[in-house]
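Read the structure below first, then the notes.
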Amino acid sequence: MRERLLSVIGARAKNYLDRKVPSSIIPFTGSFPLLNSVEFEDYVELLKTKMYLTDLSDKLQKITLLGNKMALMEESFKEYLKRENLEFKTMSSKEKTSHLLVWLEEDNLSTNDLKIKL
């Protein structure tokens, strides 16, 4: 039930919806930002007035779920990096790719999960 509350899922998702590059550590692919600046402002207002994910239009529900997916993936990858005592920003591109692939496998994900499609 908690994951259907817009105050939870929308708050987590909104940090990824208006960025041209959604994450500095995970190479998500797709057409970004998911919401332009005007749409994003309207979205933030909706978060204040709507209670459930299903209160949003189908398009905004999908966008919210995609933002939430990116947020959860980034959180999980950060936990992996912390657990492994790794400093991502100081790694070579090859090391970053290697650790990203290990994490994807550990989380039962694939590179297809990095594709964000509306």
Side-chain angles (χ1 to χ4, degrees):
M1 178 69 170
R2 184 170 153 75
E3 285 301 311
R4 293 175 195 254
L5 289 175
L6 199 52
S7 61
V8 175
I9 192 172
R12 189 167 40 225
K14 78 176 183 175
N15 296 321
Y16 296 82
L17 302 182
D18 66 337
R19 296 181 185 175
K20 288 183 182 179
V21 178
S23 173
S24 62
I25 61 172
I26 297 179
F28 293 111
T29 60
S31 181
F32 302 109
L34 295 176
L35 295 174
N36 66 40
S37 59
V38 173
E39 292 170 325
F40 183 73
E41 287 178 28
D42 292 342
Y43 180 82
V44 171
E45 288 305 310
L46 283 173
L47 293 181
K48 296 174 187 174
T49 61
K50 304 294 183 185
M51 185 167 198
Y52 298 103
L53 179 63
T54 54
D55 293 338
L56 298 177
S57 68
D58 289 346
K59 178 184 175 186
L60 286 180
Q61 285 182 45
K62 184 167 186 177
I63 287 171
T64 301
L65 291 172
L66 290 171
N68 187 62
K69 173 184 174 179
M70 289 186 284
L72 292 174
M73 288 176 71
E74 184 168 42
E75 182 181 310
S76 174
F77 189 45
K78 285 179 179 179
E79 288 172 5
Y80 163 82
L81 293 170
K82 185 176 179 178
R83 183 180 72 240
E84 297 298 320
N85 199 29
L86 299 169
E87 182 59 48
F88 191 76
K89 295 186 189 290
T90 62
M91 292 181 202
S92 68
S93 293
K94 187 176 180 178
E95 289 173 312
K96 289 177 181 180
T97 300
S98 176
H99 285 291
L100 182 70
L101 293 172
V102 168
W103 164 74
L104 285 170
E105 186 174 321
E106 282 185 10
D107 265 21
N108 295 315
L109 299 169
S110 76
T111 55
N112 286 332
D113 291 300
L114 303 179
K115 296 175 185 170
I116 306 300
K117 296 180 194 174
L118 281 178

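Please read these numbers as outputs of a predicted model, since none were measured by experiment.
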Practice problem: Indicate yes or no: at least one non-hydrogen side-chain atom of L53 is less than 4.5 angstrom from one of L65. | Solution: yes

Donor-acceptor contacts, no H, no angles, side chain residues 85-94, under 3.5 Å, sequence neighbours left out:
{"from": "T90", "atom 1": "OG1", "to": "E87", "atom 2": "O", "distance (Å)": "2.9"}
{"from": "S92", "atom 1": "OG", "to": "E95", "atom 2": "N", "distance (Å)": "3.1"}
{"from": "S92", "atom 1": "OG", "to": "E95", "atom 2": "OE1", "distance (Å)": "3.4"}

Quiz prompt | Over all atoms of both residues, closest heavy-atom pair of L118 and I63 | solution = CD2-CG1, 3.3 Å

Exercise. Looking only at non-hydrogen atoms, find the nearest pair between E74 and S24 and report the distance.
Key: OE2-N, 4.2 Å

Quiz item: Just wondering, do N68 and V8 contact through their side chains at under 4.5 Å, heavy atoms?
Solution: no

Quiz item: Say you draw a straight line from CG of L109 to CE of M73; how long is it, rounded to the nearest 0.5 Å?
Solution: 5.0 Å

Quiz item: Is any NZ, NE, NH1 or NH2 atom of the basic residue among K59 and E39 found under 4.0 Å from an Asp or Glu carboxylate oxygen of the other?
Solution: yes

Quiz item: In Å and rounded to the nearest 0.5 Å, what is the CG to CG distance from L114 to L104?
Solution: 5.5 Å

Exercise. Any chance you could lay out the side-chain contact (heavy atoms from CB on, under 4.5 Å) test for K115 and F28, step after step, and finish with the verdict?
Key: CA-CA 6 Å; K115 296 175 185 170; F28 293 111; over 6 Å; no

Quiz item: Is it the case that one hydrophobic cluster holds both I116 and V21, taking links as side-chain heavy atoms less than 4.5 Å apart, direct or via other members?
Solution: no

Quiz prompt | Taking every non-hydrogen atom, the tightest pair across D18 and P33 | solution = C-CB, 3.5 Å

Quiz prompt | Gap separating the OG1 atom of T64 from the CG atom of L35, nearest 0.5 angstrom | solution = 8.0 Å

Quiz item: Atom CG of L17 and atom CE of M70: how far apart are they, to the nearest 0.5 Å?
Solution: 6.5 Å

Self-check item: Rounded distance (nearest 0.5 Å) linking atom CG of D55 with atom CG of L60
Solution: 11.5 Å

Quiz item: Between N36 and V38, is there a donor-acceptor pair closer than 3.5 Å when you use the side chain of the first and the backbone of the second?
Solution: yes

Quiz prompt | Close side-chain approach of I9 to L5, heavy-atom, < 4.5 Å | solution = no

Quiz item: Going by heavy atoms in the side chains, are I25 and K96 under 4.5 Å from each other?
Solution: no

Quiz prompt | salt bridge (charged side-chain N to carboxylate O under 4.0 Å, His left out) between E75 and K78, intermediate numbers included | solution = CA-CA 5 Å; E75 182 181 310; K78 285 179 179 179; over 6 Å; no

Quiz item: Is it true that a side-chain atom of D113 and a backbone atom of S110 form a donor plus acceptor pair closer than 3.5 Å?
Solution: yes

Quiz item: Taking side chain as C-beta onward, heavy atoms only, is Y52 less than 4.5 Å from Q61?
Solution: no

Quiz item: Any idea which heavy atoms bring G10 and Y43 closest together, and the distance?
Solution: CA-OH, 3.6 Å

Practice problem: Determine whether more than 12 heavy atoms belonging to other residues, nucleotides or ligands lie under 6.0 Å from atom CD of E105. | Solution: no

Practice problem: Indicate yes or no: at least one non-hydrogen side-chain atom of K117 is less than 4.5 angstrom from one of L66. | Solution: no

Quiz item: Which pair of heavy atoms, one from H99 and one from F77, lies closest together, and at what distance?
Solution: O-CE1, 4.0 Å

Quiz prompt | Nearest heavy-atom neighbours spanning W103 and S76 | solution = NE1-OG, 3.0 Å

